[in-house]
Structures are given as C-alpha cells and as structure tokens.
Amino acid sequence: MKGLPFLPREARHEAQLIFAANPALFSLLAVSRVAGPVRKVPRLGWVITDPVIARRLLMDAEHTSLLGEGGVGHLWAQLLGDWVNQSFDGPGHDALRHQARDLFTDVSAKRHVVRVFAEPAAQLAEALRRNETVDIAQTARAWVGRMVADLLGLPMASDADDAAFRAIFAHGERLAALARKTLGSTVIPPDALAEAREILEQLTARVPEAYATADTNALLGRCREAGIPLREARGLASLLLVAGTETAASAMTRGVALLHDTGQQHDLRAEPDLLRGAVWEILRVTTPAPLIGRHITADVEASGKTLRRGERALFLTYTANNAVGRFDIHRAPEPKLRQLWFGAGAHLCLGAPLARAEITFLLQTLLAQERPWRVVRRRAARNVIIPTYAQLVITCAPEESRL
Ligand code: HEM
C-alpha cells in the first residue's frame, strides 16, 4: 500500500478498503486503469473497462449470458440447482422479474424505507443528539438486514433487535466471501460448495414459514400466490439476502466517509437539493459491486478484438466509473456511464430504487443533526467480496468534547 500518499485523502481511504477486501482485486483494478478498453488477461479472460462497450455487451443477450463459466448465475446454479438455468436468464428470468416489478419502483422503495428505517433512524438520531459515538458500518448492516427481512416477509420476533438483523447480514457476508476466490473461475470447489450450502440453509431457515404465511406485499407471499415452488422461492430469497445487503451497506457506510473526508457534507447541509446528485456520486465512486462477469455464448467483436464463444468477460465497472474523476457532489451526471454501478440490460439491479432510497434516508438522518459528523475511528473489512468498512465510528459532538 506504499505509494498511496499522493492520492487525495478520500481516494486513499477508498483504495485501502479495496486492498483490505482483496489484494488481487486491488492489483487488477490498478492495472486495468492503463490496460485499454478491451484486453485479454491470462487466467481471467477478457477484461473490459470501457463503459460503452460494457453496456453494449451486458445488453447483448445473443452473445453474453450470466449463466455459464464467468457469470454469477453459474455460481447460483451450483448452489441452488439446475432450475436456475431456466429462471436466472432468458424468458424464465423476464417472467420472474415481472412478478416483483411493482415492489421495486422509486415510489414503493421510498415508502418502504420510511416504514422500515423510521424507528432505527430515530434511535440513531437520538444517540447523535446525546453526543454519543455511533458505528455507521454496524448501523448500515442492521438496517439492510431489516430491509430484506421485511421485503421477503420473514417472520422476525416483534422485539428483534439489531443483532438479529446483523445476523442476516453476517450469513450473507460469509456466503459472498466464498465467492471471493472465483475471480479466475466460477467453478466452486467441493469443500466450498458444501460450506456454502450449509450457510444458505441457515440464511433461509425462516423462508418456509414466510412462504406459507406472508401476504402478497412481501416477495415470499407473492411467490406462493404465483405458484413458484418453495424450493425456488427459497433460492430467490437467497439471491436477495446476498445481493441486497452487502452492496447497500457498503454504499451507505462509504458514502458517510466520503462526505466527511471531502468536506462535502457542508455543501450538502447548505444546499439540501444536492442530495440526489450526492447519492449518485457515492454510488459512482464506491461502485460496491466492482466488477460484473459474463460468459460469452457466441463470437462477438469489441474494440477490434474477437471474444470467442466459451470465453469469459469481466466488466470492471469500478474502473470505468472512477475514470470520470474524483468524488464531487456538484458533478453533472455522466451520460456514458448512466448507472453502470447497477449493471445494465436484463439484469440491471432490481433493487436500485431501494438502494438509492436507503442511502438517502441514512444521509437525511445525519444531515438533520445540528452539527456535522466527524469520523473518529475506522477499520477496513478484510477478506470480503464487497469492499467496505468493518467499523466507521462517527460523532456529532463538538470537537472539544471528550469522547
Ligand atoms: C448500492 C447497492 C447495490 C448495488 C451497487 C447493486 C449492484 C448490482 C449489480 C451490478 C447487479 C447486476 C449483476 C449482473 O449483471 O451480473 C445487480 C443485480 C441485482 N441486484 Fe443489486 N445492487 C445493490 C443493491 C441491491 C438491493 C438493495 C437489492 C434488493 C433488495 C438488490 C437486488 C438485486 C437483484 C435481485 C439482482 C439480480 C437482477 C437480475 O438478475 O435480474 N440489489 N445489483
């Protein structure tokens, strides 16, 4: 990690998070900045950093698929079974997404976030008002755990506390950590597969009960009414419990750090209308899912190169998004990126409106405090698939008060 001092403070912290998460990813992202738009890398396959080419290929269902070596669907098929090959891509996937569409609009996401976050946000605000310190990394973990439990309709005890929701997050994190080793190949070794299946069992232990009892405002109730068998509903719950937790918590926590480290929380406090742009900028700079993998299903040209059937492609969205420049909440949206941090095409993140609403709500809670926040302690998360802080302790206490 030597050689980072020349970076601005916020970029140095971000680089440290990526290195702590996965040194191999750190090296890949560093090299990719100068590797050109499309480059073949031994043992990895095609590495693509150009946002326009990435979007074109992600939208190209004729030549790319997330099933097969290189795509995340390949991992899920090994974990959940062959039915994934019918439901995670192609017409089966379109039909499945259609079932849940109305639960993931901007309007429903905002309503949902207010309902689920209002109570923990009041507690957070009260702790900050009392000049206490708060760990935003742990707060975000508990909040996103709450959110997916509610979304799915999982029965949680009425007095379930943050620890219960963080447990959901921890299972998802353990499972995703196993995928950390799949940068070079998405074939899961037998011992990791057995461990992953055991984690999934624990993660989805309450799904059968929710499937039987949840109403149709919850995803599992909707699966039951739509005739989706329990086994598949359990698989979809696993997908949401993993896809919807680490990514969102990472953006929430790193966003709080970025706004502090750049001093731009002061601009936001002075001009609250900047919040929407700030959330986009947080997502661009953090790009919590730093790469997206695909299997090449038929020969296709990109930037004068031929990507052959059977090869794999890695879209380094982190590199593409960050090439635009430093974190700046005043930045106008970059048309060639659109929202590449959420992917593109048929698999564009289903939870994008929810993720934006979650980050917005957390920031609104912090910005409503009388004084700005200060980071008093931080620690990067090690050996995780989504770079983030294990600890980000903040306070709104005046500088001179003892912590
Ligand atoms: C900042 C937060 C998030 C980021 C950066 C993010 C990023 C992504 C990306 C890049 C993909 C595409 C993967 C691919 O094409 O292989 C994706 C897919 C997905 N995400 Fe998110 N995600 C976030 C939050 C969420 C949340 C909160 C949920 C739900 C609770 C969610 C649910 C999903 C689902 C279900 C898919 C699969 C969609 C499909 O295959 O049709 N995500 N996400």
Side-chain angles (χ1 to χ4, degrees), residues 54-55 57-61 64-68 70-76 84 87-90 92-101 103-104 108-109 112-113 116-117 140 143-152 154 168-169 172 176 179 182 186 218-219 235-255 279-295 312-318 320-321 337-362 385-388:
R55 167 165 294 100
L57 289 173
L58 283 168
M59 297 184 76
D60 182 352
T64 69
S65 169
L66 101 174
L67 300 169
V72 70
H74 188 218
L75 295 173
W76 284 114
V84 163
S87 306
F88 276 35
D89 216 352
H93 168 257
D94 295 343
L96 202 56
R97 254 186 99 113
H98 192 77
Q99 297 281 353
R101 220 171 29 180
L103 296 179
F104 290 96
S108 58
H112 202 165
V113 163
V116 176
F117 285 180
W143 287 24
V144 298
R146 252 175 216 274
M147 179 53 74
V148 282
D150 190 85
L151 195 62
L152 288 166
L154 294 183
I168 293 181
F169 186 95
T182 60
T186 47
L219 272 171
L236 294 172
S238 315
L239 171 65
L240 274 202
L241 286 163
V242 174
T245 50
E246 274 194 87
T247 45
S250 166
M252 289 159 85
T253 310
R254 288 157 76 186
V279 171
W280 281 55
E281 192 63 358
I282 287 168
L283 287 162
R284 178 184 74 78
V285 166
T286 60
T287 309
L291 52 87
I292 301 175
R294 284 293 184 271
H295 186 72
R312 60 208 300 273
L314 280 182
F315 304 100
L316 300 192
T317 48
Y318 183 91
N321 294 335
L337 293 183
R338 293 202 227 158
Q339 293 195 73
L340 200 54
W341 41 90
F342 285 129
H347 299 283
L348 177 76
C349 177
L350 187 63
L354 192 58
R356 284 191 298 261
E358 289 179 315
I359 303 164
T360 304
F361 199 86
L362 173 64
I385 194 158
I386 305 291
T388 192

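Just follow the structure's listing: the first ligand is 1, and inside any ligand the first atom is 1. Hydrogens, waters and symmetry mates are skipped; everything else that's a heavy atom, side chains included, is used. Predicted, not measured: the structure shown is a model, and the values here were computed from it.
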If the plane angle is over 60° it's perpendicular, under 30° parallel, otherwise tilted; pick one for W341 and W280.
-> perpendicular

Applying a 4.0 Å heavy-atom criterion (strictly less than), which segment of I292 is in contact with ligand 1: side chain, backbone, both, or neither?
-> side chain

Select the closest option to atom 15 (O) of ligand 1 among R97, E246, R294, Q339, judged by heavy-atom distance.
-> R294

With backbone taken as N, CA, C and O and side chain as the heavy atoms from C-beta onward, which portion of L151 lies under 4.0 Å from ligand 1: side chain, backbone, both, or neither?
-> side chain

What protein heavy atom sits nearest atom 40 (O) of ligand 1, and how far away is it?
-> H347 ND1, 2.7 Å

At a non-hydrogen distance cut-off of under 4.0 Å, which region of L58 contacts ligand 1 (side chain, backbone, both, or neither)?
-> neither

What do we get for F88 next to ligand 1 when only non-hydrogen atoms under 4.0 Å count, side chain, backbone, both or neither?
-> neither

Looking only at N/O atoms, are E358 and ligand 1 under 3.5 Å apart anywhere?
-> no

To the nearest 0.5 Å, atom CH2 of W143 lies from atom CD of E358 at 10.0 Å

Do R254 side-chain atoms and P387 backbone N/O form a donor-acceptor pair below 3.5 Å?
-> yes

Indicate, as side chain, backbone, both or neither, the part of A346 found under 4.0 angstrom from ligand 1 when only non-hydrogen atoms are considered.
-> backbone

Heavy-atom contacts under 4.0 Å between H93 and ligand 1: side chain, backbone, both, or neither?
-> side chain

Under the criterion side-chain contact (heavy atoms from CB on, under 4.5 Å), which of T317, L340, T247 is the partner of T287?
-> T317

For L283, counting its heavy atoms only, list the atoms of ligand 1 lying under 4.0 Å from any of them.
-> 1 (C)

Grab the two heavy atoms, one from S108 and one from F104, that are nearest each other, plus how far apart they are.
-> OG-N, 3.8 Å

Note: L240, heavy atoms under 4.0 Å from ligand 1, region reported as side chain

Hey, is ligand 1 close enough to W341 that some N/O pair sits below 3.5 Å?
-> no

Which atom pair, heavy atoms only, marks the closest approach of A179 to I385?
-> CB-CD1, 3.6 Å

Closest non-hydrogen contact found for W76 with V242 is CH2-CG2, 4.0 Å

